[in-house]
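Okay, structure first, notes after.
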Amino acid sequence: MCLMNLGAMSGKLKWVTDIEKSVLINNFEKRGWTQVSESDDWNFYWMSVQTIRNCFSVETGFRLSDDQLVNHFPNHYELTRKDLMVKNIKRYRKELEKEGSPLAEKDENGKYLYLDFVPVTFMLPADYNLFVEEFRKNPSSTWIMKPCGKAQGKGIFLINKLSQIKKWSRDSKTSSFVSQSSKEAYVISLYIDNPLLIGGKKFDLRLYVLVTTYRPLKCYMYKLGFCRFCTVKYTPSTSELDNMFVHLTNVAIQKHGDDYNHVHGGKWTVSNLRLYLESTRGREVTDKLFDEIHWIIVQSLKAVAPVMNNDKHCFECYGYDIIIDDRLKPWLIEVNASPSLTSSTANDRILKYNLINDTLNIVVPNGEIPDCKWNKVPPKEALGSYEILYDEEAAQADGSERDLRNRPGQAFGFKGARTREAGRSAPTTWK
């Protein structure tokens, strides 16, 4: 339960967590902060998503005071629940279309030129008929089904025949169409069956993004993301559809494979991926790919910003999962509100310890007792391995927010925006 902090406190910052992970606790202890229980006065609570629900619930929640900080936004699920993320992105596209924004421009086949970054997705059972219609347009396609409220690859399966979900659909309908909030609701998405392979294996990207405020949007990208590889070589063969060691990159699944490597954990740093792509595909297309990944992340955050409860006591570090296809097009698969802090290798432990360290340096400046009213502009030296990905306030101040909405021919990145056609550098409009 979140208790209101009574009055300002002097002295050391007091912390609580309900996630017993050494990468967290070591960071708090290193700062000389004081551990207290959740029933005491506290300043900083790193909590699970279940606890945040209670913290901000009408029945059990309490009003937080200015010297208290928590690590989730109250309704983070607008981004981190698979069905709601897709719903919000679809709404965002429609709104931009209504405004006549060039960002919502479509090609001759009706596909978004700049906002086509989520695979075609339907909610089940609610959109079952729409899904069937889409499936029949391309009956040889493969689809992936995921429960909306689960993580770590649980409950996921692939299908390539309608008969495979007809039974599932009938079972769901017996409970009179599963409600949105039910754990039984699923999303079904077109499976990216042409993933970029390295060494014949499928992989995805895990990138960490810190949001300190949604309105105005301010977000940071962690430079030390990584790739997660499958242990078994990829095949699009339908006979292997139920082999999750071929299709799902989740470490929770891959670590049970016979070929799982406990030294490197099937992981590669993003910088290694970048070097590999530069040497095999060229610098220009690699830069364009990473610009597009950054673009996707910012657009997904802009899509949920209007509905997010932008509570001043909150920040959030998201785990973005991106898949790159063999045409070097990135796809947003999902966003995690509680990216795993469990370490599968020694390097993993160091990375996650540093991730928490750098996050704390930004959200709790100088390790002092928080003040929610601060302007949320950390000094440059506090960023560590984070870089500012997007600062809406700064963009509006220099007129580039207008630029961002009206120059869709550009993919914007950290180091400067490259035009998609020419590959030449233009001044960045992201900062």
Audit row: L273, I198, side chain to side chain contact (heavy atoms under 4.5 Å, CB included) steps and yes/no: CA-CA 9 Å; L273 173 68; I198 295 180; 3.7 Å; yes
Tell me whether the rings of W15 and F28 are parallel (<30°), tilted (30 to 60°) or perpendicular (>60°). tilted
Do D40 and S37 have side-chain atoms, one donor and one acceptor, less than 3.5 Å apart? yes
Would you find a donor on one side and an acceptor on the other, under 3.5 Å apart, between the side chain of H72 and the backbone of I52? no
I need the N194 CG to R327 CZ distance, nearest 0.5 Å. 5.0 Å
Here the pair of heavy atoms bringing D358 nearest to S385 is OD2-N, 2.9 Å
Would you sort out whether F117 and E292 count as a side chain to side chain contact (heavy atoms under 4.5 Å, CB included), showing the intermediate values? CA-CA 9 Å; F117 54 80; E292 288 180 356; over 6 Å; no
With a 4.5 Å cut-off on side-chain heavy atoms, are N88 and L79 touching? no
For Y222, is the NZ or CZ atom of K352 found under 6.0 angstrom from the centre of its six-membered ring and inside 45 degrees of the ring axis? no
Hey, does the side chain of N43 reach the backbone of D67 with a donor-acceptor pair shorter than 3.5 angstrom? yes
Ring-plane angle category for Y45 and W42, please: parallel below 30°, perpendicular beyond 60°, tilted otherwise. perpendicular
Would you indicate whether the side-chain heavy atoms of L196 and R281 approach each other to under 4.5 Å? yes
When you compare the side chains of T359 and Y208, does any donor N or O come within less than 3.5 Å of an acceptor on the partner? no
Taking the inter-plane angle between the rings of H294 and F290 on a 0 to 90° scale, is it parallel (under 30°), tilted (30 to 60°) or perpendicular (over 60°)? tilted
Roughly how far, to the nearest 0.5 Å, is CG of D287 from CD of E278? 6.5 Å
What I'd like to find out is whether the side chain of V86 reaches to under 4.5 Å of the side chain of V187, using heavy atoms alone. no
Heavy-atom pair with the smallest gap, counting every atom of P330 and I322: CB-CG2, 3.9 Å
Donor-acceptor pair, R215 side chain versus M308 backbone, under 3.5 Å? yes
Partners of W331 by ring pair (Phe, Tyr, Trp, His ring centres under 6.0 Å), sequence neighbours excluded? none
Between the main-chain N or O of L113 and the side-chain N or O of D107, is there a donor-acceptor pair closer than 3.5 Å? no
Hey, does the Lys NZ or Arg CZ of K267 hover above the aromatic six-ring of F226, less than 6.0 Å from the centre and inside 45° of the axis? yes
Hey, is the main chain of I144 close enough, under 3.5 Å, to the side chain of S189 for a donor-acceptor pair? no
So which of Y186, Y191, F157, F131 actually passes ring-ring contact (aromatic ring centres under 6.0 Å, His included) with W143? F131
Quick one: does E387's side chain get under 4.5 Å of L383's, heavy atoms only? no
Heavy-atom nearest pair, Y220 first then P378, reads OH-CD, 3.2 Å
For the pair K312 and D371, find out whether any cationic side-chain nitrogen is under 4.0 Å from an anionic carboxylate oxygen. no
Taking the side chain as everything from C-beta on, heavy atoms only, tell me whether L332 gets closer than 4.5 Å to Q299. no
Under 3.5 Å, is there a donor-acceptor pair between the side chain of D204 and the main chain of D321? no
Taking all non-hydrogen atoms of both residues, which atom of E78 and which atom of V304 are closest, and how far apart? O-CG1, 3.6 Å
Output yes when a side-chain donor or acceptor of N26 lies under 3.5 Å from a complementary backbone atom of V23, and no otherwise. no
Are the side chains of R274 and T286 in touch, meaning some heavy atoms are under 4.5 Å apart? yes
Just how far is it from atom NZ of K329 to atom CD1 of I323, taken to the nearest 0.5 Å? 13.5 Å
With a sphere of 6.0 Å drawn around CZ of R283, does it hold more than 12 non-hydrogen atoms of other residues, nucleotides or ligands? no
Check against side-chain hydrogen bond (donor to acceptor under 3.5 Å, both in side chains), R81 and N75: CA-CA 10 Å; R81 236 184 93 112; N75 59 337; over 6 Å; no
Any idea which heavy atoms bring K201 and C230 closest together, and the distance? CD-O, 3.2 Å
Please check if the side chain of D311 supplies one atom and the backbone of H313 the other of a donor-acceptor pair under 3.5 Å. yes
Any non-hydrogen side-chain atom of I362 less than 4.5 Å from a side-chain atom of F315? no
Is K94 atom NZ crowded by more than 12 heavy atoms from other residues, nucleotides or ligands, each under 6.0 Å away? no
Could you walk me through whether Y320 and I293 pass side chain to side chain contact (heavy atoms under 4.5 Å, CB included), step by step? CA-CA 10 Å; Y320 268 74; I293 289 170; over 6 Å; no
Please state whether the rings of F229 and W268 are parallel, tilted or perpendicular, taking 30° and 60° as the class boundaries. perpendicular
Y386 and L355: which non-hydrogen atoms are nearest, and at how many Å? OH-CD1, 3.4 Å
In this structure, are over 12 heavy atoms from other groups packed under 6.0 Å from E393 atom CD? no
Decide side-chain hydrogen bond (donor to acceptor under 3.5 Å, both in side chains) for D193 and T142; before the verdict, give the C-alpha distance in whole Å, the side-chain angles of both, and the deciding distance to 0.1 Å. CA-CA 7 Å; D193 60 4; T142 297; 5.0 Å; no
Counting heavy atoms not belonging to R31, are there more than 12 under 6.0 Å from its CZ? yes
Determine whether K288 and L328 make a side-chain contact, defined as any pair of heavy atoms from C-beta on separated by less than 4.5 Å. no
Verdict with supporting geometry, Q35 and I25, side chain to side chain contact (heavy atoms under 4.5 Å, CB included): CA-CA 9 Å; Q35 183 173 13; I25 293 163; 5.6 Å; no
May I ask you to decide if A303's main-chain N or O and R91's side chain share a donor-acceptor pair within less than 3.5 Å? yes
Applying salt bridge (charged side-chain N to carboxylate O under 4.0 Å, His left out) to D66 and K373, what does each step give before you reach the verdict? CA-CA 7 Å; D66 283 349; K373 292 177 177 156; 2.9 Å; yes
Given the options L130, I188, D83, L124 meets side chain to side chain contact (heavy atoms under 4.5 Å, CB included) only with I188
